[in-house]
Amino acid sequence: MPPISRREAIGTIGASGVLALAGCAGGDTSGVEGAFKIGILQDFSGPLPDYGAQGTTGFYSGLAYKADSEPLGQQAVDAGDYEYEVGDITVELAVRDTQFDPSQTQQRATDLVSQEEVDMLYGVGNSGGAIRIINQVVDQTDVPYIAGPAASASITNSQETCRERVFRANENTAMDARSGGVYIADETPVERIALFGADYSFGRAVVNNYKEVLESRGVEIVTERFVDRGYAEWPGLLTQAEEAGAQGIVGGFTAQTLIPFGSSFLEGDYDMQFFGGFATRVTLTPVGTNLSDILGDDFTNEGLANANFGPFTTRYHWNQYDNEINDQFVGDHADAYGIYPDLFTSGAFTAASATIEALENEGEVSGDALVSGMTGLTVTDTPKGENGYEFQEYNNQARSQMTVAPVEVTPDDEENWPAAIQPGEPIESIPAEDVTIPAEDVSCDLS
């Protein structure tokens, strides 16, 4: 039996009043018991609390699935201290608000490690905050960290932040863009395309990954343009793209820029197909309202298709995967939180599921066991189905299947999805191996 650390002893006594030693190593899950403390960092009071909610409710749902019980309720979607029993593992949750601020994120992470002695850190929606956790906390303390929903591809693809003790289950911007590129090149007649993106890390990642995949498959890039966030003078640029021979356009934007971009596209009657990625409900709500206003009586599934608006890729939405795990996840999530799982919740669910599976496989409750167990792990229980996510050994990024779906009008009786638009039935599934950045194209190698 391996020695138990001071942290494990203190945590176990504090949680249950008894000292429960970890089971013998070698994957015998029946003897795994002890306390495991997780510091959760999400935005609850900053500019994107919905992102924090998704990162939290998804994680709670993953723990609940592993425990065969219900997730923590809405009251736990906020800063506080909570506890969850998963088999014989007492999962202590120290949940803290980052306010979507990198400085606050770093301070909260430092406090969780130095003062509260967490065994693992999880979370943060801001990529800048995730980078600070890695460089200023993980590198100084060796505490394991699972990033998410922060989606910048560089977190797991750059040697500046790629670490043996850093993992990410959530899909990243490169996976979104590369799956769209594969679909356009392999499944549509588009031979020439224009790429537009917001002039910061998100937009550049979208454009660069689309470009790499499209060019490698013989699609010509006729226009490549980056604009400031909120840019609204689109008619001229769209006309230039059409005159350059573009048969399709890609927009790598969030709602602030997507609304004027989409409005100009629909009002201009351009002979081009609009591609991109489905966003969260936060973005789809104002975009859907805008589409309804522009299309009027034509705001129908047929009208959206005739306007060449989509199809789009999706990292995850509740109606894209038909399996027993997802069915239970969607139902339990709707019951607990009054909303369907959104873009980031599948990755968050998988992060929690992988955490428990890694500890059980290692037969030990500790940070070192987590790292050992998650390295190269194919996660059994995920919303994308059994074995739906696999952590790549070369950079600890989980890869998973992506889907392509049309844009549809949300039915009036759909009370758990208040946005006016939603993804329709998937028309294409892109295999995991086609959506990830290959090992030879990343600047780190952990294998």
Side-chain angles (χ1 to χ4, degrees), residues 151 171-190 193-198 202-203 205-207 209-211 213-214 219 238 246-266 270 272-292 294-295 299-321 340-344 346 384 400-410 417 419-430 434-435:
E171 300 81 353
N172 61 48
T173 52
M175 294 170 66
D176 203 0
R178 295 176 76 90
S179 61
V182 169
Y183 172 74
I184 293 168
D186 294 357
E187 304 296 334
T188 79
V190 171
I193 200 160
L195 303 178
F196 296 99
F202 169 76
V206 170
V207 168
N209 280 280
Y210 263 105
K211 181 179 179 180
V213 172
L214 290 169
V219 178
L238 291 171
Q247 299 164 298
I249 57 173
V250 169
F253 311 113
T254 54
Q256 184 181 10
T257 315
L258 183 60
I259 289 176
F261 180 81
S263 298
S264 297
F265 174 77
L266 292 172
Y270 297 98
M272 299 181 289
Q273 192 84 22
F274 181 18
F275 300 101
F278 276 103
T280 70
R281 191 181 73 256
V282 178
T283 295
L284 294 184
T285 297
V287 170
T289 300
N290 184 249
L291 288 171
S292 177
I294 293 172
L295 294 176
F299 184 59
T300 62
N301 295 343
E302 182 179 2
L304 287 166
N306 290 338
N308 293 326
F309 195 80
F312 295 150
T313 61
T314 168
R315 305 176 200 180
Y316 170 84
H317 279 87
W318 82 95
N319 58 4
Q320 298 296 291
Y321 297 91
Y340 284 141
D342 205 340
L343 189 73
F344 301 130
S346 178
K384 293 186 180 182
S400 62
Q401 173 186 299
M402 305 276 280
T403 61
V404 179
V407 182
E408 291 190 352
V409 176
T410 303
W417 187 257
I421 56 175
Q422 65 178 40
E425 286 290 319
I427 59 176
E428 192 71 27
S429 295
I430 312 298
D434 287 338
V435 308

Side chain to side chain donor-acceptor pair (under 3.5 Å) involving Tyr321 - partner list, sequence neighbours excluded: none

Say you draw a straight line from OH of Tyr316 to CD of Gln401; how long is it, rounded to the nearest 0.5 Å? 12.5 Å

Minimal heavy-atom distance between Leu238 and Phe196, with the atoms involved, is CD2-CE1, 4.4 Å

Quick check: are there more than 12 heavy atoms from other residues, nucleotides or ligands sitting under 6.0 Å from CD of Glu187? yes

Assign the ring pair Phe274 / Phe312 to parallel, tilted or perpendicular, where the plane angle (0 to 90°) is split at 30° and 60°. perpendicular

Quick check for you: to the nearest 0.5 Å, what is the distance between Gln422 atom CD and Asn319 atom CG? 5.5 Å

Spatial distance of atom CE (Met175) from atom OG (Ser400) [nearest 0.5 Å]: 4.0 Å

Output all residues satisfying side chain to side chain contact (heavy atoms under 4.5 Å, CB included) with Leu266, sequence neighbours left out; order by chain, then residue number. Leu291, Ile294, Ala307, Phe309

Would you give the length of the straight line joining atom CD1 of Ile259 to atom OG of Ser264, rounded to the nearest 0.5 angstrom? 12.0 Å

Where Asn308 and Gln273 come nearest, the two heavy atoms and their spacing: OD1-OE1, 3.1 Å

With sequence neighbours excluded, what pairs up with Thr300 under the side chain to side chain contact (heavy atoms under 4.5 Å, CB included) test? Glu302

Side chain to side chain contact (heavy atoms under 4.5 Å, CB included) filter on Ala246, not counting sequence neighbours, yields Ala194, Val222, Ala241, Met272

Euclidean distance, Thr285 OG1 relative to Asn290 CG, rounded to 0.5 Å: 12.5 Å

Report the residues that fulfil side chain to side chain contact (heavy atoms under 4.5 Å, CB included) with Val404, sequence neighbours left out, ordered by chain and then residue number. Tyr183, Pro311, Thr313, Ile427, Glu428, Ile430

Any sub-3.5 Å donor-acceptor pair from His317's side-chain atoms to Ala279's backbone N or O? yes

Among residues two or more places apart or on two chains, list those pairs meeting side-chain hydrogen bond (donor to acceptor under 3.5 Å, both in side chains) that have a residue in residues 247-260. none

Here the salt bridge (charged side-chain N to carboxylate O under 4.0 Å, His left out) pairs for residues 175-184, sequence neighbours left out, are Asp176-Arg315, Arg178-Glu212

How many angstroms lie between CH2 in Trp318 and CG in Asp342, if you round to the nearest 0.5 Å? 8.5 Å

Minimal heavy-atom distance between Val407 and Gly310, with the atoms involved, is CG2-CA, 4.5 Å

Contacts of Thr403 that satisfy side chain to side chain donor-acceptor pair (under 3.5 Å) - sequence neighbours left out: Gln320

Locate the shortest heavy-atom distance separating Ala205 from Asn209; write the atom from each residue and the value. O-ND2, 2.9 Å

Considering non-hydrogen atoms only, spot the tightest contact between Ala419 and Thr410 and give its length. O-OG1, 2.8 Å

Check step by step if side-chain contact (heavy atoms from CB on, under 4.5 Å) holds for Phe278 and Ile421. CA-CA 10 Å; Phe278 276 103; Ile421 56 175; 5.6 Å; no

Can you name the residues that form a side chain to side chain donor-acceptor pair (under 3.5 Å) with Asn301, not counting sequence neighbours? none

Excluding sequence neighbours, so at least two apart, what forms side chain to side chain donor-acceptor pair (under 3.5 Å) with Tyr210? none

All heavy atoms of Ile249 vs all of Ile193, minimum pair found to be N-CG1, 3.9 Å

